[in-house]
Amino acid sequence: QCFFRVIISSGINAEYGRASRFYSWEIKKPVESGSVFRLVNAEGTTILSQQEGLLLHNGATVCDDFFNITAANAVCRLMGFDFAVEWSNAEKWTIQNRYSIGLDDVKCPVPDWTSCKYTVDSHNCGHNEDVFVTCSGTRSPFSLTDRRGFTVAGNEDYVLLYDGGTVCADQFNDDSAHVACADLGYLGGAAQWRASPLPYSSHIPSGQLSFTCTGRNIDMCERARNTCESGQHVYITCQHDIKDNKEIQEWKIKREGESLAVKILMAACLVLVFLLIKKNSQMDKKDVQIHEFAKNNNKLIAEIKSLQMMINNLEPKQVLLSDVD
């Protein structure tokens, strides 16, 4: 029973791994490829500036179950905005009925999509629970994509896009990398970047842009058209600076505490199992000794009974006086 609880606890702890890819101390599980959010107005046109919009996830609406301002911030940052101003739930536009409901039970411990847990294509909602969000700032022209062309988040090696096209690695530098990640909302800037050709079977649109910075401020950067004859495009790893983010720091401490508790529980159960095995081993040895003793006793009893039967079968010998000298 103790072992069963340890396994369940480990499984629950592993769930956090799906939600926190940028922490190396946790179990990593990739963010769902194709987690593409966008805001649309009453006509279904994508919103790129600060105004209220119907939130869509992969072309379906988002239910309000467990949704809060932290989740709204995570979504706005994933879309390239600065933060969420507000959110609400309602059935206010006829266009809502054109969409299915695709995302439910969104729970985000910190304002970053990699920390969120959610349910896809399974819900108990109506369109009166559709989420509307207002994001602050102008949407960042930068985005990160995987090899299949899906928008992604997290601190792994991804292709950097600008206005939907790749960024040529020619003239790109460390300052350029930090500005791009910061513009995407990563507080720690860039962990690293590299230049590499796109995969042969890639669906990522190749852009003709160079991006060069002389400092870590977007005002110190220049964009220019570039045919990218080298064929080298920017792959980048953005990171969160945990020290500068109180919510993420508190969340990390909490997860570390839970992880330590699970490790202590596992160690205690292993000790208990070891003691039980040792005790059972000693009992088995005693059982063997008792069995051998009983076996030997049974042999002795059988021999005594056999001797007794022989005695019982003996006829008493008659002694004659004539035989006596």
Side-chain angles (χ1 to χ4, degrees), residues 31-32 34-108 110-116 118 120 123 125-145 149-153 160-165 179-187 205 207 209 217-219 221 223 238 240 245 247:
V31 173
E32 176 197 8
S35 288
V36 179
F37 287 97
R38 66 188 181 105
L39 296 173
V40 297
N41 59 21
E43 287 73 41
T45 304
T46 300
I47 294 172
L48 299 177
S49 58
Q50 183 174 327
Q51 66 183 96
E52 184 183 54
L54 174 65
L55 181 62
L56 299 181
H57 173 263
N58 293 346
T61 64
V62 178
C63 182
D64 67 349
D65 292 347
F66 298 106
F67 200 88
N68 56 21
I69 192 62
T70 303
N73 273 303
V75 170
C76 286
R77 291 178 63 183
L78 182 63
M79 291 190 292
F81 293 100
D82 295 334
F83 58 89
V85 177
E86 61 181 358
W87 76 278
S88 62
N89 61 317
E91 186 173 5
K92 59 175 71 174
W93 298 339
T94 56
I95 194 175
Q96 291 175 243
N97 294 315
R98 298 183 188 177
Y99 303 105
S100 60
I101 301 172
L103 198 66
D104 192 16
D105 299 330
V106 178
K107 302 176 184 178
C108 302
V110 294
D112 187 281
W113 185 246
T114 56
S115 74
C116 303
Y118 45 86
V120 181
H123 65 87
C125 309
H127 281 297
N128 61 315
E129 299 174 83
D130 286 348
V131 171
F132 287 78
V133 178
T134 303
C135 297
S136 174
T138 303
R139 186 169 182 173
S140 173
F142 292 103
S143 60
L144 300 175
T145 182
F150 290 124
T151 301
V152 290
L160 179 66
L161 301 184
Y162 188 97
D163 284 340
V179 169
C181 287
D183 202 57
L184 284 168
Y186 289 87
L187 302 178
L209 173 79
N217 188 306
I218 198 166
D219 295 331
C221 303
R223 291 168 291 151
C238 296
H240 288 275
N245 192 314
E247 289 177 313

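FYI, side chains are in, hydrogens and waters are out, and symmetry mates aren't considered; it's all heavy atoms of this structure.
Ring-plane geometry between W113 and F37 is classed as perpendicular, the angle between the planes exceeding 60 degrees on a 0 to 90 degree scale with a lower cut at 30.
Shown here are the side-chain contact (heavy atoms from CB on, under 4.5 Å) partners of N41, two or more places apart in sequence or in another chain: E43, T45, I47. Judged as a side-chain contact (heavy atoms from CB on, under 4.5 Å), and not counting sequence neighbours, the contacts of S136 are Q50, F83, V85. Every residue meeting the side-chain hydrogen bond (donor to acceptor under 3.5 Å, both in side chains) condition with D130, not counting sequence neighbours, appears here in chain and number order: T61, Q96, H127. For F67, the ring pair (Phe, Tyr, Trp, His ring centres under 6.0 Å) partners are W87, not counting sequence neighbours. Shown here are the ring pair (Phe, Tyr, Trp, His ring centres under 6.0 Å) partners of F142, two or more places apart in sequence or in another chain: Y162, F211.
In this structure, L160 and L144 have side chains that are in contact, with non-hydrogen atoms separated by less than 4.5 Å. Looking only at side-chain heavy atoms (C-beta outward), V106 and V62 come within less than 4.5 Å of each other. Here the side chains of D105 and Y118 are not in contact, with every heavy-atom distance at 4.5 Å or above. Considering only heavy atoms from C-beta on, E91 comes within 4.5 Å of N97 through its side chain.
Counting only distance, with no hydrogens or angles, the side chain of D64 and the backbone of V131 share no donor-acceptor pair below 3.5 Å. Distance alone, capped at 3.5 Å, is enough to place a donor-acceptor pair between the R77 side chain and the P111 backbone. D183 places no side-chain N or O within 3.5 Å of a backbone atom of V179 that could act as its donor or acceptor partner.
If you take CG on L184 and CE on M79, they are separated by 13.0 Å, rounding to the nearest 0.5 Å. With rounding to the nearest 0.5 Å, the separation of CD1 in I69 from CD in E86 is 8.0 Å. How far NE2 of H123 is from CG of D65: 10.5 Å, rounded to the nearest 0.5 Å.
The minimum heavy-atom distance linking G102 with A60 is given by the pair N-CB, 3.5 Å. Contact record, A74 with C116: CB-SG, 4.1 Å, taken as the closest heavy-atom pair.
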- Message: Show, in sequence, the C-alpha distance, side-chain angles and deciding distance for L39 and L54, and conclude whether the side chain to side chain contact (heavy atoms under 4.5 Å, CB included) test is met.
- Response: CA-CA 5 Å; L39 296 173; L54 174 65; over 6 Å; no
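Sequence neighbours left out, the pairs with a member in residues 46-107 that pass disulfide (SG to SG under 2.5 Å) are C63-C125, C76-C135.
Here the options are L209, D163, L161, the test is side-chain contact (heavy atoms from CB on, under 4.5 Å), and the partner is P141; only D163 passes.
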